[in-house]
Amino acid sequence: DGSGVLSWATAGGITAYWSAYRDSGQSISQSTTTTINWNQTTTATNVTSTLSSNGRITIPSGQAGWYVAHAIGRYADDPTDGKERIYIQHYDTSAGSTLSFGYGEMNTKGTYDTVDAHGLKYLDVGDYVYVQTWQNNSSSANFIGGNGTGFFGYKIA
């Protein structure tokens, strides 16, 4: 559920961090990029969290810097063909554009496939990050919660 990030972050002197997960599924339509809304936020310290409404972490005044982010996605459905992808997205307010800075993809293997993405990015005040997923193995695969689906990040400098 990401709660280990909180103890590690505070012990390491990290001042801005977040940790969120899903404790229930979210349906992902086939071949459609979908933003994940995180229905459980373990912590959001010195960042602005709207994770449950639009899946975003926004960088507030005084917290610009280098951030590490990690997203883990798990699918409950069991087709054995197609692909599953996860993207960590960054909206850059100064450029007015969105770029991926973390990406993971796998060929579908079966029930409870897990795909993850990691990234390192400089985030400025007003920038925000979020996670999107995509699959082409089922008309409506369930991106599941409670079993490892999460999003966390922390400021390192």
Side-chain angles (χ1 to χ4, degrees), residues 1-12 14 16-60 63 66-91 98-121 123 127-156:
D1 68 7
S3 59
V5 171
L6 176 60
S7 60
W8 177 84
T10 55
I14 292 174
Y17 49 92
W18 69 90
S19 177
Y21 66 100
R22 285 202 59 90
D23 69 356
S24 61
Q26 179 176 344
S27 180
I28 307 300
S29 296
Q30 187 173 27
S31 301
T32 302
T33 302
T34 304
T35 298
I36 300 170
N37 292 328
W38 305 95
N39 63 358
Q40 298 293 319
T41 302
T42 304
T43 186
T45 301
N46 292 325
V47 293
T48 303
S49 169
T50 53
L51 290 163
S52 63
S53 63
N54 61 15
R56 296 179 185 170
I57 289 291
T58 303
I59 307 306
Q63 294 301 326
W66 286 96
Y67 283 79
V68 172
H70 186 104
I72 304 167
R74 233 168 150 211
Y75 289 82
D77 298 326
D78 61 349
T80 56
D81 59 342
K83 295 190 181 300
E84 296 164 354
R85 298 176 182 157
I86 194 164
Y87 313 84
I88 303 173
Q89 304 284 54
H90 163 235
Y91 180 78
T98 301
L99 297 170
S100 292
F101 73 98
Y103 173 77
E105 178 179 301
M106 71 175 294
N107 290 324
T108 302
K109 304 286 189 220
T111 304
Y112 301 122
D113 290 341
T114 302
V115 61
D116 64 344
H118 318 283
L120 172 67
K121 186 73 177 166
L123 301 175
D127 290 359
Y128 57 86
V129 294
Y130 58 101
V131 177
Q132 292 186 311
T133 189
W134 178 95
Q135 59 84 19
N136 71 348
N137 58 22
S138 175
S139 61
S140 184
N142 287 311
F143 190 73
I144 64 170
N147 290 305
T149 299
F151 179 38
F152 65 88
Y154 51 92
K155 181 180 173 185
I156 59 170

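All residue numbers in this chain count up from 1 along the given sequence.
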Can you name the residues that form a side-chain contact (heavy atoms from CB on, under 4.5 Å) with [X], not counting sequence neighbours?
X	value
A117	I86, I88
S52	none
L120	W66, V68, I156

Return the OG1 to CD distance between T45 and Q63, rounded to the nearest 0.5 Å.
10.0 Å

Distance (rounded to the nearest 0.5 Å) between W38 CH2 and S19 OG:
10.0 Å

Below 4.5 Å, heavy atoms only, C-beta onward: do [X] and [Y] meet side chain to side chain?
X	Y	result
T58	V47	no
T149	I72	no
L123	V129	yes
Y17	K155	no
Y130	T98	yes

Y87: what forms a ring-ring contact (aromatic ring centres under 6.0 Å, His included) with it, not counting sequence neighbours?
Y103

Residue set satisfying ring-ring contact (aromatic ring centres under 6.0 Å, His included) with Y91, at least two apart, ordered chain then number -> Y128

Answer yes or no: is there a donor N or O on one side and an acceptor on the other, between the side chain of [X] and the main chain of [Y], under 3.5 Å?
X	Y	result
Q30	Q135	no
E105	E84	no
D116	A71	no
R56	S49	no

Using only heavy-atom distances, determine whether the side chains of [X] and [Y] contain a donor-acceptor pair under 3.5 Å.
X	Y	result
N54	N37	no
R74	T114	yes
K83	N136	no

Residues that [X] engages under side-chain hydrogen bond (donor to acceptor under 3.5 Å, both in side chains), provided they are two or more places apart:
X	value
S100	Q89
N46	none
D127	H90, T93
T32	none

Run the side chain to side chain contact (heavy atoms under 4.5 Å, CB included) check on F151 and L51 step by step: do they pass?
CA-CA 10 Å; F151 179 38; L51 290 163; 4.0 Å; yes

If you apply the rule side chain to side chain contact (heavy atoms under 4.5 Å, CB included), what do you find for I36 with Q26, and how did you get there?
CA-CA 8 Å; I36 300 170; Q26 179 176 344; 3.7 Å; yes

May I have the step-by-step check of side chain to side chain donor-acceptor pair (under 3.5 Å) for T33 and Q132, ending in yes or no?
CA-CA 6 Å; T33 302; Q132 292 186 311; 5.6 Å; no

Are Y67 and K121 close enough, and set up right, to give a side chain to side chain contact (heavy atoms under 4.5 Å, CB included), and what steps lead you there?
CA-CA 5 Å; Y67 283 79; K121 186 73 177 166; 5.8 Å; no

As a quick check of understanding, evaluate side chain to side chain contact (heavy atoms under 4.5 Å, CB included) for N39 and Y21, giving each step before the final call.
CA-CA 7 Å; N39 63 358; Y21 66 100; 5.6 Å; no

Ring centres under 6.0 Å, that's the criterion: do Y154 and W18 meet it?
no

